[in-house]
Amino acid sequence: MKLQVIHDSRIQSLNDRDLRQGSFVLYWMQQSQRAAYNHALEYAVQQANQVGQGVLVVFGLMDNYPEANLRHYTFMLEGLQETKAVLGKRGIKMIVQKGHPADVALAAGRKASLIVCDRGYLRHQRQWRKKVARKAGCRVVQVESDVVVPLEAVSGKAEYAARTIRPKIHNHIKDYLVELKPTKIKKSSLQLGTKGIDLSDISAVLKKMSLNRSVGPVSHFFKGGTAQARQIFADFLRQRFKNYVENRNQPQTDDVSHMSKYLHFGQISPLYLALQILKTDKGYKDAREAFIEELVVRRELAMNFVYYTPNYDSYACLPNWAQKTLAEHKKDRREYRYTRRQLENARTHDEYWNAAMREMKSTGFMHNYMRMYWGKKNLEWSTTPEQAFKTTLAINNKYFLDGRDANSYTGVAWVFGVHDRAWFERPIFGKIRYMAASGLERKCDIQAYVKKVDALERQSRK
DNA sequence: ATCGGCTCGCGCAA
DNA sequence: TGCGCGAAGCCGAT
């Protein structure tokens, strides 16, 4: 049987240890929480087939995950439940165990011949993998499955802007837009004795966990899982894709893909989405290009940012020109100033901004165009830019299903000048790009957006 | 409705 | 070293 192609650039040994005479190959799943289009999983299957063993998949479910709350945990568990079931049908046992992910991986890996892990670009994700590689008694191999073009193949440094990374990505993208079909397994792992928690009742699992419950689930808007993601994306391609170019910056419409939350939890593969786009009618050339721009160029610029910028979550990550100009305007008079509480309660004088905040709280999502406006106003209405940065990131990560993503950190930093250029100097913002309510009125039907959010809020109260 | 100016720095051409 | 141009804009002039 022909092996599925996994480029060498996706595969990295994280330690120098050898394969061991164990009883299975362990796939420690953490970022890529899916059964399909998962290079780490397929690599593990290939390796297991070679030594005549099965693949055990383990996921570490942690109490009090930093900044996560009931909303995020619910969405994630909905996805994990499905992934476990789908893997089971393929003869692959998946267990979810409570504990710190690295500890769970190490414990499950004691009898493994080899540990395979997937890849994440945030600080803690990298630390966990490092720890497992250091302490494991066998070889640990990391397989990238979270971007279309592996980061190091694109660039070895923090890119300055979209325009600098764009040609570098397009130089390689063709090589990586290749199908990844499931490799047939030679030996089932379903008989392995290792026990995990029962995922059949998600609310029962959640009840027993220690976690922040201040923000409720949004399953009636967005349910977690690969099947849901595929369904939403298929609907997008069928109904909304034709409007994408015209409407993607029109917040009163819903002509967006809604994939970012599924991408964040690894429930859908960016490669799968890109390949689906290639299958669309060639007549939608502009929409195809615009979507690939968002999915690959901008998303992978965000990955590049967090990977090569150690302090991606602090104010000091901003470029010098941005910090300088904001410092020069620190003392400027602020006509409006709101506390974090006022902001979170959507109690500002600006009904457009309030609507954006309400959409975020009630659905776990905010239209992309409003995310920019929302962030820019946080900067305008905070006492200092440093405080604005902190508050914006905190609220972002609290309510968005895709909070704490590389795109969250990059999106917030963009508000303060990252990947952007200088503009006409004005109060508070200095040379940072400004956005105004009048711009919303000029460019979109912002009243219709407010009404849309009113309706969404009513729906969420039901 | 459309246009130019504003402004910084990267990366390429020379 | 010079020059073009860019993650989503604003504003005033025409």
Side-chain angles (χ1 to χ4, degrees), chain A residues 147 154-171 243-253 255-257 260 286-287 289-306 308-309 312 317-329 332 335 350 352-353 356 365-380 385 389 392 396 402 405-446 449:
Chain A
V147 292
V154 171
S155 172
K157 60 165 190 178
E159 288 295 326
Y160 187 75
R163 74 183 156 86
T164 65
I165 204 171
R166 187 175 296 116
K168 297 180 184 178
I169 285 176
H170 283 292
N171 275 344
N243 307 325
Y244 187 66
V245 173
E246 201 181 330
N247 283 356
R248 70 201 172 89
N249 282 340
Q250 297 293 317
Q252 74 279 8
T253 72
D255 292 330
V256 295
S257 73
S260 65
D286 292 350
E289 279 172 12
F291 195 85
I292 293 292
E293 170 75 15
E294 301 297 322
L295 174 72
V296 187
V297 175
R298 310 254 175 110
R299 179 169 182 271
E300 295 179 14
L301 174 61
M303 304 294 183
N304 170 280
F305 176 68
V306 298
Y308 291 114
T309 312
Y312 57 80
C317 78
L318 303 182
N320 289 336
W321 71 267
Q323 292 195 47
K324 182 166 172 275
T325 193
L326 287 169
E328 283 165 5
H329 289 272
D332 291 358
E335 191 177 350
D350 178 341
Y352 311 147
W353 190 95
F365 170 80
M366 184 194 296
H367 192 282
N368 223 26
Y369 196 70
M370 296 307 291
R371 289 190 193 208
M372 295 186 277
Y373 181 77
W374 176 82
K376 291 292 182 184
K377 292 298 153 185
N378 288 347
L379 168 56
E380 189 173 345
F389 185 95
T392 302
N396 181 96
D402 60 7
D405 192 88
N407 282 274
S408 289
Y409 295 105
T410 310
V412 169
W414 175 84
V415 166
F416 298 80
V418 165
H419 299 157
D420 206 4
R421 56 190 271 212
W423 295 91
F424 187 65
E425 195 160 9
R426 58 159 57 235
I428 306 173
F429 285 77
K431 291 165 183 170
I432 302 291
R433 182 194 299 264
Y434 178 68
M435 286 178 83
S438 57
L440 297 177
E441 288 159 357
R442 191 173 65 247
K443 291 177 182 168
C444 42
D445 188 349
I446 193 67
Y449 172 71

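Both backbone and side-chain heavy atoms feed into the values below; hydrogens, waters and symmetry mates do not. Every chain is numbered from 1, with letters handed out A, B, ... down the list of sequences.
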Name the orientation class of the two ring planes belonging to A:H419 and A:F305 (parallel below 30°, tilted from 30 to 60°, perpendicular beyond 60°).
perpendicular

Interatomic distance where [atom1] belongs to [X] and [atom2] belongs to [N] [whole Å]:
{"X": "A:R166", "N": "C:dG4", "atom1": "CZ", "atom2": "P", "result": "20 Å"}
{"X": "A:L326", "N": "B:dC8", "atom1": "CG", "atom2": "P", "result": "13 Å"}
{"X": "A:W423", "N": "C:dA7", "atom1": "CH2", "atom2": "C1'", "result": "10 Å"}
{"X": "A:E380", "N": "C:dC10", "atom1": "CD", "atom2": "C1'", "result": "12 Å"}
{"X": "A:E328", "N": "B:dT7", "atom1": "CD", "atom2": "P", "result": "12 Å"}
{"X": "A:L440", "N": "C:dC11", "atom1": "CG", "atom2": "C1'", "result": "16 Å"}

Quick check: closest heavy atoms across [X] and [Y], and the distance to 0.1 Å?
{"X": "A:G417", "Y": "A:P319", "value": "O-CG, 3.9 Å"}
{"X": "A:L379", "Y": "A:V415", "value": "CD2-O, 4.3 Å"}
{"X": "A:V306", "Y": "A:Y409", "value": "CG1-CB, 4.1 Å"}

Would you classify [X] as touching base, sugar-phosphate or nothing, given that sugar-phosphate means primed atoms plus P, OP1 and OP2, and contacts are heavy atoms under 4.0 Å?
{"X": "A:R371", "value": "nothing"}
{"X": "A:N249", "value": "base"}
{"X": "A:R426", "value": "sugar-phosphate"}
{"X": "A:M435", "value": "sugar-phosphate"}
{"X": "A:T410", "value": "base"}

Just N and O in the side chain of [X]: are any of them under 4.0 Å from OP1 or OP2 of [N]?
{"X": "A:R421", "N": "B:dC6", "answer": "no"}
{"X": "A:K431", "N": "B:dC8", "answer": "yes"}
{"X": "A:S438", "N": "C:dC11", "answer": "yes"}

How would you summarise protein contacts on nucleotides 9-14 of chain B per nucleotide, using B for base, S for sugar-phosphate only and - for none, with heavy-atom distances below 4.0 Å?
BBS---

Donor-acceptor contacts, no H, no angles, side chain residues 434-442 of chain A, under 3.5 Å, sequence neighbours left out:
from	atom 1	to	atom 2	distance (Å)
A:Y434	OH	A:K377	NZ	3.4
A:E441	OE2	A:Y352	OH	2.5

Establish, yes or no, whether a centroid distance under 6.0 Å links the rings of A:H367 and A:Y449.
no

For atom P, what is the distance between B:dT7 and C:dG12, given to the nearest Å?
15 Å

Whole-Å C1' distance, C:dC5 and B:dG4:
15 Å

Going by an N to O cut-off under 4.0 Å, is there a salt bridge joining A:E293 and A:R298?
yes

Are A:E328 and A:K324 within salt-bridge range, i.e. N to O under 4.0 Å?
yes

Give the nucleotide from the list B:dC8, C:dC10, C:dA7 with an atom nearest to the side chain of A:H419.
C:dA7

Return the stems involving DNA chain B, sorted by first number, where pairs are Watson-Crick (N1-N3 with N6-O4 or O6-N4) or G-U wobble (N1-O2 and O6-N3), both under 3.5 Å, and runs are 3 or more long.
B:1-6 with C:9-14, B:8-13 with C:1-6

